[in-house]
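What follows is a set of notes on a single structure, which appears directly below.
Order of the sequence lines sets the chain letters (A, B, ...), proteins ahead of strands, with each chain counted from 1. Heavy atoms only: backbone and side chains are in, while hydrogens, waters and symmetry mates are out.
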Amino acid sequence: MSEDPSRPVRVALVGNPNTGKTTLFNRLTGSRQKIGNYPGVTVEKKSGLWVCGSRTFTLVDLPGTYSLAASSPDERVTLDFLAGHLDGEPKPDAVICVVDASNLVRNLFLASQVADLGLPMVIALNLADAADRAGISIDAALLSRRLGIPVVRLVATRGEGVNALGHAVAEAAEQGALMAEVPWPEAAERAVKYLAAGLGKEGVRPLAPGELRRILFDPRSAVLARAGWPAGADPAPLLGASRDILSAAGWHPLSAEALLRYEHLGHLTADAVKFPEKRRRSPTERLDAVLTHRVWGLAFFVLIMFMVFQSIYTWSGPFMAAIEVVIAQTQELVAPWLVPWPAGQSLLVDGVIGGVGGVIIFLPQILILFFFIALLEDTGYLARGAFLMDKVFGWCGLNGKSFVPMLSSYACAIPGVLAARTIEDPRARLTTILVSPLMSCSARLPVYTLMIGAFIEPSYGAVWAGGLLFALHVVGLAVAVPVAWAVNKFVLRTRPQPFLLEMPPYRLPRLRDIFWRMWERAREFLRRAGTVIVAMTIVIWALVYFPRPAEVRERAMADLSVLNDSSAIDRAVDAAYLEQSYLARAGRAVQPVFDLAGFDWKITVGVLASFPAREVIISTLGTIYGVGQDADEASGDLRSALARDFWTHGPRTGHPVFTLPVALAVMVFFALCLQCGATVAVMAKEAGWRWALFGFLYMTALAWLGAVLTFQLGTLWLGPGL
Amino acid sequence: MSGEICPLAALRAGQSGLVQPGCSEHPAVQRLLALGLLPGTQVMVVRVAPLGDPLEIEFGGLRLSLRKNDAAAMQVMRLG
């Protein structure tokens, strides 16, 4: 009941997964929705404004869940929100429980738990068209009388029933209609009273019976901590004693709730639901016979995954090229305006525009991947894919659903990490996020191409070159598996969730919803990761640009005054500036560390410069070697410059800087290192800065170790001159 | 054979079982209860995944993937 009639009615949307709740939410709020965060959790908060005729509702879409027994952070948020325990989130005025009409009783289990919290409720009988087709008939009016609350028939995809829903919600909020209560046995009431008394003694604030029942029935209820249970005290004796009251009366305390609720719901719905006489073998079952078949199922899966991968790896190419052209044009357009102010010009052109360009360039891959994910989810195939793959991933702490993030990370880890959202289990999700960047993404290709093209192919031929390229792609996966296992065993502390995935009936995809979801993800990426990436780019820009004393230019020009070639002079000046920049000084400072891997200072500076983005090493090496910063990995000039570089001092004087072990060590380093500011930013948004930092550090350590081992063992075997 | 009590994980593809009373605190069992897999309900193992794990089970019109370790925590009476 709203105290203030002009305040929009606050409505929460709950329901099982796969009931079309999200479609309903999108339909009701349209573009008037926003995504935020609940404090302290990575679960996203979706809220929006629903205007129905003359009424306005504030709608909050809570995560889909089967039960309020809070065993995962998502379920905890739902319970906390409904009980009014979240800071800044008042208890809702009413709740819409979205129910799949074909699975009425099971879906009402959650409704019954929600109603226990004393919340006025409306049942939205969604997917009513599918139920009709299956021959299930539900008498909504009768059901409404039995349950004591409004029941509205709904087909969210067509908008049928939406107005009736609005009317019912307003009524429910005003009149406070509560669902018919479960007739708890006397032992349960006694147990609740005993529990309440015990909690009161420990200073816990008085709780409603519904919340007390949650504490009683759930093995490890989060309500206790929220309600003020003293941190050090052990609740086990009190809980044990309360549950013993139930056991003494013949109820098993951990299954009592389910038994009692389902019995109650069975009575309520008995004559309101009629099932068809003969159960026909549904199209879903016939499809699954093929799609989860030992041979055909796996073959189809491989085909689909190949398509998804190709789309990110190859089909995004033209779009990315187009974006690069636009960025370059913009840079050229802006540059002339700032000629009198070279630092500002470089900042704007290279730093800001380059940075923003570096964010936008990922959009094609993100959009394409999320189109496919939304398509797979909507049709129901994602669950089948997870079913097929779980054995491969489950044993090391990943999850059947990890296949999409890991596969996409072979093209680009940014959409890959974002895709980990589809994994419900937080522990598996985090593990997936932490190892996905090890997959050899497309940005590593220029480095491999340069090194292989300069040092492997000329001496060993195309076959070895190709084989090495393949091996480098496998290295990431080979390392990811033990890392995932180790992280899971030694580092992660959250409790693993059981892998219980519903296989929903196959559905034709709804393109409107898919495009909406695809666009939402992209927008989120731009907003949340974009700022961090641009900031990182500007920082690196500054480290490379400054200091910029005039003497450096004068000295370089004096040295080269004999040459008439102005572009060669410019390149030499750039090289000289880079050599004394802050970044290069940092490079020389950490050089001892990289000596072990056989890198000289130029390589080290290149490595440092490419921490925000791997491809930067190409242009950095181009600048340092005087070939120009526009050099690309196929540049013959750059390749020969690298090959002709010899040590002029130190223990390896006279030997080439780039021996075979050095080239291999560089590639191994890049294969294993997280040199992508955008990925770190996205990891931070998905898993928090601590985990992003952990990911960055462990991968850098692994990369260094790999490079050192490669170089040392390689040199031992092949000698310093090769 | 029919009538024997065994873990759900021991059922073969196509076999059904009747859920036995008494349950554990196992999180998978708790979730299955919330989904309506109550003592006295029938559950069928539809198939086993091509790589051996997980199982696809069906009860009350719901189909789920369930890992064998989790399925081992639930006792059923084999119905053949």
Practice prompt. Kindly indicate whether the side chain of A:F275, heavy atoms from C-beta on, has any atom under 4.5 Å from the side chain of A:I136.
Written response: yes
Practice prompt. Can you tell which part of A:F387 gets under 4.5 Å to a heavy atom of chain B, answering side chain, backbone, both or neither?
Written response: both
Fill in: Contact class of A:R261 relative to chain B, heavy atoms under 4.5 angstrom
neither
Response to the item:
Pair count under 4.5 Å, heavy atoms only, with chain A: among B:A49, B:A34, B:G60, highest is B:A34
Fill in: No-hydrogen, no-angle side-chain donor-acceptor test under 3.5 Å, A:R106 and A:N16
no
Item to complete: Heavy-atom pairs under 4.5 Å with chain A are the metric here; pick the option from B:L37, B:I57, B:N69, B:L55 that has the most.
Response: B:L55
Practice prompt. Give a yes-or-no answer on whether the side chains of B:R31 and A:S67 include a donor-acceptor pair shorter than 3.5 Å.
Written response: no
Worksheet entry | Between A:N126 and A:T19, a side-chain donor and acceptor under 3.5 Å | no
Discussion item. With a 4.5 angstrom heavy-atom cut-off, is it the side chain or the backbone of A:L501 that approaches chain B, or both, or neither?
Written reply: both
Worksheet item: Looking just at side-chain N and O atoms, do A:N107 and A:Y66 make a donor-acceptor pair shorter than 3.5 Å?
Response: no
Fill in: Contact class of B:V46 relative to chain A, heavy atoms under 4.5 angstrom
neither
